[in-house]
**Student:** 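I have a structure I would like to understand better, so I am pasting it below and will then ask my questions one at a time.
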Number of protein chains: 2
Amino acid sequence: MSSNDDRTTAARIRDAAVGYVGEHGWDRTTSRQIAAEAGVPVGLVNYHFGSKDGLRQACDDWVIAQLAEDKGLILGAGPLPRMDTYIDDHPELRPITEYIAQCMRSGGQVAEHFFERMVELTRDMMALAADGGTFRRYDDPYAAAVILVAYGAGASLFGDTIARLLGGTNLLDTDTYNRYVRTTVEDYTHPLIIDERYLDALDTQDVPPAPAEGDFRKENQ
Amino acid sequence: MSSNDDRTTAARIRDAAVGYVGEHGWDRTTSRQIAAEAGVPVGLVNYHFGSKDGLRQACDDWVIAQLAEDKGLILGAGPLPRMDTYIDDHPELRPITEYIAQCMRSGGQVAEHFFERMVELTRDMMALAADGGTFRRYDDPYAAAVILVAYGAGASLFGDTIARLLGGTNLLDTDTYNRYVRTTVEDYTHPLIIDERYLDALDTQDVPPAPAEGDFRKENQ
DNA sequence: CAAAATGTTGAACATGAGTTCAAACGACGA
DNA sequence: TCGTCGTTTGAACTCATGTTCAACATTTTG
């Protein structure tokens, strides 16, 4: 065991797994890579966790426990890249956020759990902001929070692609970031749909065509 | 070889791969599973495509070619579940849309290509809708399209989770779907942020806190 | 201190997956 | 009919991976 490390061997293996999986995802991670990362022989992984699945379960449980413990973490792992400033102040949390990001891609209980926590938090914050007169109050606040979280997850998962199309290499580069935030805030401040009849139609009759991203039928021109 | 199938063997292997990968993803797909799906022995896969990577490249190229060929496909594979009606009318396209969905999770050139095409189409449709007076005209239409596509991708990737949190099992169930569409249209018709100072601040000084999903600092209460 | 329990090591094993290959098959032209 | 070339077949090979295990080391317990 290395000198300055008061973690137990099992904890070091778990941390190594979270870190490596955060970079490559579970499907591309082998027991030997995790063992090497932790500086232990392969056999120890199964001694402490029974199997690779056991290790995954332990990692999932631990990450979920961290989510419950540290309220800031769920913000730091959240969709808006600006939240990385929180992670910058708490670098020890970065592996967890990356692990969560991997889970959001491949699904599973961590993804579900994180999504749900994110929805709760978003709903509460929207309610607060509505109390303060900054946010609008939705007819269905919970559904609004769910959709907002899904949108944010999309922005987060495709952060690199967004940055590239916006002319940068990293969404946190100043120019790229400003362009992104400017449009995002504009998006949430001024309505995309200026023809109220779409919403009215939903309240009166059954589902009409809903104009939204990537699809629009010019019926009312 | 089965009787009524005028596809070449290579085409049948490719189609089998697209179909199987669409269900399970490349990481969880083996050459033997693809061969079994296509009803051919394993050796034929590498005879026709050189390697598993070669097959993947062929699948990617083919899917991208389909995207260029069939304009409706990019709508059918798009984020809004309502678009599945298009796929219902063209069931032969469903495997492609599911293949694309898998690629959106794991990244790669198909994901990038699809995202870009989606942005182009969204930008054009937003321009059309703006001409028709239905959509607002953005200061930065391209960035708006990029962000809208990312949002839509999030809604698409987390469709099952959204449905579950909205009380259903499938986003296309009438009740769940109505709740989803109602909130989505409301989202795009009425602004979330009703305090214009956030947007104003962006236009005058450097980046202020941007209130959005999952994060809000009560500064202006 | 002795013994037992716990932790650690590295090699060996079994399985599964990608790949290779020699032989068989079938269509087509000489 | 024969030979050739492009396919097809199924087995064998190689390597990586998850797992097991017997031996060794360390810590805890009586």
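Quick note on labels: first sequence line is chain A, next is B, and so on, each numbered from 1.
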**Student:** What distance do B:Asp60 atom CG and B:Arg56 atom CZ have between them, rounded to the nearest 0.5 Å?
**Tutor:** 5.5 Å
**Student:** For B:Asp139, check salt bridge (charged side-chain N to carboxylate O under 4.0 Å, His left out) against everything at least two apart and list the hits.
**Tutor:**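 B:Asp139: salt bridge (charged side-chain N to carboxylate O under 4.0 Å, His left out) contacts with A:Arg182.
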**Student:** B:Arg123 and B:Glu120: salt bridge (Lys or Arg N to Asp or Glu O under 4.0 Å), yes or no, with the steps?
**Tutor:** CA-CA 5 Å; B:Arg123 183 198 49 197; B:Glu120 293 169 14; 5.5 Å; no
**Student:** Within residues 18-33 of chain B, find the residues that approach DNA chain C with a heavy atom at under 4.0 Å, and present them sorted by residue number.
**Tutor:**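 B:Thr29, B:Thr30, B:Ser31, B:Arg32, in order of number.
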**Student:** Kindly assign one of parallel, tilted or perpendicular to the pair B:Trp26 and B:Tyr99, based on the angle between their ring planes and the thresholds 30° and 60°.
**Tutor:**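 Because their plane-to-plane angle is over 60°, the rings of B:Trp26 and B:Tyr99 count as perpendicular.
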**Student:** If a pair satisfies salt bridge (Lys or Arg N to Asp or Glu O under 4.0 Å) and one of its residues is in residues 155-177 of chain A, list it, with sequence neighbours excluded.
**Tutor:**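 Listed by first then second residue: A:Arg164-B:Glu112, A:Arg164-B:Glu116.
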**Student:** Write out all pairs satisfying salt bridge (Lys or Arg N to Asp or Glu O under 4.0 Å) with one or both partners inside residues 16-28 of chain B, taking only residues at least two apart or from two chains.
**Tutor:**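 Residue pairs with at least one partner in residues 16-28 of chain B: A:Asp27-B:Arg28, A:Arg28-B:Asp27.
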**Student:** Using distance only, find each side-chain donor-acceptor pair of residues 33-47 of chain B under 3.5 Å and give its atom names and separation, not counting sequence neighbours.
**Tutor:**
| residue | atom | partner | partner atom | Å |
| --- | --- | --- | --- | --- |
| B:Gln33 | OE1 | B:Thr30 | N | 2.8 |
| B:Gln33 | OE1 | B:Thr30 | OG1 | 3.3 |
| B:Gln33 | NE2 | B:Tyr20 | OH | 3.0 |

**Student:** Does anything in residues 38-60 of chain B reach DNA chain C, meaning a heavy atom under 4.0 Å, and if so which residues?
**Tutor:**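 Going residue by residue through residues 38-60 of chain B, the ones with a heavy atom under 4.0 Å of DNA chain C turn out to be B:Val42, B:Gly43, B:Asn46, B:Ser51, B:Lys52.
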